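Following: one structure in structure tokens, then a few remarks.
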Amino acid sequence: MFVISKTIWAGVAALALLPAPATAQSNSLASDAAAFGAREAAQSMDLSPDGSRVVYVGPGPNRVSVVFVADLTSGTSTPIIKSSADPEILNWCAFGGNDRLACHYFAARFDDGHLLGYSRMIALGTDGLNVKSLGQPSSAYDARARQFDGRIIDWLPGQGHSVLMTRDFVPEEGKVDTNVVRTADGLGVVKVDLASLKTDIVERPSANIGDFMSDGNGRVRIMAVPQVDRDGQETGRVRYQYRTANSRDWEMLVDYQQDDFEPLAIDSTINSLYALKKIDGRFSLIRVKLDGSSTAETIASNPNVDIDDVIRIGDGQRVIGYTYADDRRRTVYFDPEYERLAQALSKALPKLPLVQFVTASADGNKVLFFAGSDSDPGHYYLFDKARKSLGEVMPARPELASRTLASVKSVTYAAADGTQIPAYLTLPPGSSGKALPAVVLPHGGPSSRDEWGFDWLAQFLAARGYAVIQPNYRGSAGFGDTWLGEKGFKAWRTSIGDVTAAARWLSSQGIADPNRLAIVGWSYGGYAALQSAVTEPGLYKAVVAVAPVTDLGKLKRDADHYTSGRMVADLVGSGPHIDEGSPLRHADAFQAPVLLAHGDMDNNVFVDHSRDMAAALRRAGKSVDYVEFKGLYHSLEDSSARTELLTKIGALLDRTIGH
């Protein structure tokens, strides 16, 4: 039997930085925008090896991020470090021993006129002191920009504060009057003590290496070598090599492959690699022996969707199962103990079926996990095996605690050619489900997909009284190669046609009033919203595009000066579809008012896409509102910015299709 305890800690210091939760359901636009626009109270939570504390990144005012360490026994939480958000943002922190942390942050800046993303890693104490950089120290003589420090590939459980991490080594040039010149160049692996910074080189750097993988016991066993062309552009093809357990020699695992093979994790107990491999056009999970034979066996496959990952637990990253998503996310466990625990948790938390194991204490006795649902943004919990007790650590979105959120239903509808398109339908709580104002919400990517669960943007729209449909149009990932097709740009007519069919289905089913339809999208979803307004100018009464691609030719040109340029060019392709599929070139076709939003430091889709689109619409005499967020990236990680964005979306929809 589980003992369900009260919240283990209140997180007072963390939640004091957030707006107070609403005390009752409210329909005012201001309160809805503030509640749904608030960032998650915690991300990337980690448990200390002794199970006594957690660390997580929480939101401060506006775009500031704060690292908190919470004591699970005393119930106190302490902010230890924060980002200035100008320009860096904290992504995650994790324990490297009981009293030492490793944290990762990101920033972007212009270098020779080109916007570059940078990431850095630091080590610090759980008191926020003794902060040290984990990357190679910068030099005024660095021969090139060092965009990324590297990443931790092995937390080396039981070895104190030491970790294995990849490191980008940058040589020096132009240095005179000294013989001390750095010459190492490329990616290597180092063993670093997070407290003293004592560093030992484990794998010497090489300029042609893309990544390494450890077996969880401190041994580097996999090496990835990306293929590049004569101009230094990556082709998207990767060669993987491996080592046997007691050798330093590299052997061939998979020669250059493109999107057909992906290593996931090494299980050292059986000397094998878990990897995804394309079989009959879909990713299956295979297990490959690393004993010199490279013998492979298929562990799992699905006739309809891709297997997408394995589940690992603890600092040693032991593999305990695998996942896939059809109409909902599914987990299949190899480990019988975790399978029993998952079943017990589903009974203890019947309204929170989406359970994700996060990590466990070093002795395995305490397990940190996250549980949520479509109508609940989720909660972090700690399960104590010895006590058989289950307690809540904290909710993910306390601002929504008192609100009745909408349920999400899996549906399918017919595209123009009869193909059945999977989608998710969200109806306003308490509504009749008939003759509603409705919003089509295509996802980004395009090589991504929507899943059943909580979505803050869809829930905001439902709270405002709108039916919402999220189509997994052809071009979406996760359904195999045939469904993925040419990934939404070369075959934009198919993808946009499927999005349009979602709107028509809502009307044909009586769910939507055909005269009160709008379309809202982010990234590729923003592109889909704009291009849908070009192809079906009378269908929608309002169009919202956040960080959208607006010109396919510009998308290719934007990548010219980056190592991914060739891959972007291959993705977008060449031909008449470049002009036909670029909404920027067809501003005259728009009939509905358009809202555009973009962060000016977006290094995923450059801000000029929205600036140019707004200018083109104005020249064409169309109704357009453009809001630009200074210093923000693609996902607009800023509670005040998101609140402003939702306020503008809500006002436009209320004015055009009715609350």
Side-chain angles (χ1 to χ4, degrees), residues 9-20 34-48 53-70 76-96 100-109 117-135 147-149 151-152 358 368 370 377-378 380 393-400 456 547 599-604 629-646:
W9 62 280
V12 176
L15 301 185
L17 295 169
L18 301 168
F36 288 96
R39 291 179 292 158
E40 287 181 304
Q43 61 181 13
S44 69
M45 187 176 287
D46 190 38
L47 182 68
S48 62
R53 292 184 289 181
V54 293
V55 62
Y56 66 95
V57 179
N62 301 326
R63 66 190 63 180
V64 170
S65 295
V66 184
V67 176
F68 294 92
V69 174
T76 59
S77 63
T78 305
I80 62 167
I81 193 172
K82 69 177 182 178
S83 70
S84 68
D86 186 24
E88 80 280 356
I89 55 173
L90 282 157
N91 296 122
W92 58 261
C93 288
F95 284 96
R100 199 71 181 156
L101 303 170
C103 298
H104 178 274
Y105 68 90
F106 171 86
R109 71 167 188 247
Y118 291 81
S119 70
R120 296 290 183 261
M121 295 192 63
I122 56 174
L124 66 159
T126 53
D127 55 4
L129 302 178
N130 195 21
V131 180
K132 300 176 185 249
S133 173
L134 290 178
Q147 284 188 257
F148 312 107
D149 280 345
R151 67 184 186 91
I152 294 176
V358 178
L368 179 70
F370 180 84
Y380 287 94
V393 177
M394 67 182 299
R397 293 181 180 267
E399 300 83 2
L400 301 178
W456 63 274
D600 74 342
M601 295 299 286
D602 189 335
N603 66 320
N604 190 344
F629 296 102
K630 183 174 176 55
L632 290 185
Y633 305 119
H634 193 64
S635 57
L636 301 180
E637 289 285 342
D638 180 330
S639 295
S640 62
R642 288 186 176 182
T643 298
E644 181 181 351
L645 174 63
L646 294 184

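Numbers here simply count residues along the sequence, with the first being 1. These numbers come from a predicted model, not from an experiment.
Between Y56 and F68, the two ring planes are parallel [angle under 30°; tilted spans 30° to 60°].
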Open item on the list: Would F629 and D638 count as a side chain to side chain contact (heavy atoms under 4.5 Å, CB included) here? Give the steps.
Closed with: CA-CA 10 Å; F629 296 102; D638 180 330; over 6 Å; no
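From F36, atom CZ reaches atom CZ of R642 across 13.5 Å, with rounding to the nearest 0.5 Å. Residue E644 holds its CD atom at 13.0 Å from OG of S639, rounded to the nearest 0.5 Å. With rounding to the nearest 0.5 Å, the separation of NZ in K630 from CZ in R63 is 9.0 Å. Put simply, NZ on K132 and CE on M121 are 15.5 Å apart, with the number rounded to the nearest 0.5 Å. One finds the CG atom of L90 at 9.0 Å from the OH atom of Y105 (value rounded to the nearest 0.5 Å). Going from atom CZ of F106 over to atom CH2 of W92 covers 15.0 Å, rounded to the nearest 0.5 Å.
Nearest approach of L400 to P377, heavy atoms of both residues: CD1-CG, 4.4 Å. Heavy-atom minimum distance, P395 versus A41: O-CB, 3.8 Å. Taking all atoms of both residues into account, the shortest heavy-atom contact from L134 to A102 is CD1-CB, 4.3 Å. P79 approaches V66 most closely through the heavy-atom pair CB-CG1, 3.6 Å. Minimum interatomic distance between D602 and A547 (heavy atoms only, all atoms of both residues): OD2-CB, 3.6 Å. Between R120 and F148, the shortest heavy-atom contact is NH1-N, 4.0 Å.
Side-chain atoms of M394 and M45, non-hydrogen and from C-beta on, do get closer than 4.5 Å to each other. Inter-residue side-chain proximity for S65 and R39 is flagged as met; some heavy-atom pair is nearer than 4.5 Å. Two residues are said to be in side-chain contact when any heavy atoms from C-beta on lie closer than 4.5 Å; S44 and N91 fail this criterion. When side chains are defined from C-beta on, N604 does not count as touching Y633, because their heavy atoms never get closer than 4.5 Å. Within the 4.5 Å cutoff, side-chain heavy atoms of V69 are placed close to those of L101. Residues H104 and D149 are not in side-chain contact: their nearest non-hydrogen atoms beyond the backbone lie 4.5 Å or more apart. Here the side chains of D127 and I80 are not in contact, with every heavy-atom distance at 4.5 Å or above.
Relative to the ring axis of F95, R53 does not place its NZ or CZ within 45° and under 6.0 Å from the centre.
Counting only distance, with no hydrogens or angles, the side chain of N130 and the backbone of L124 share no donor-acceptor pair below 3.5 Å. A donor-acceptor contact shorter than 3.5 Å links the side chain of Q147 to the backbone of G117.
The 12-atom threshold is not exceeded at NZ of K82, counting heavy atoms of other residues, nucleotides or ligands nearer than 6.0 Å.
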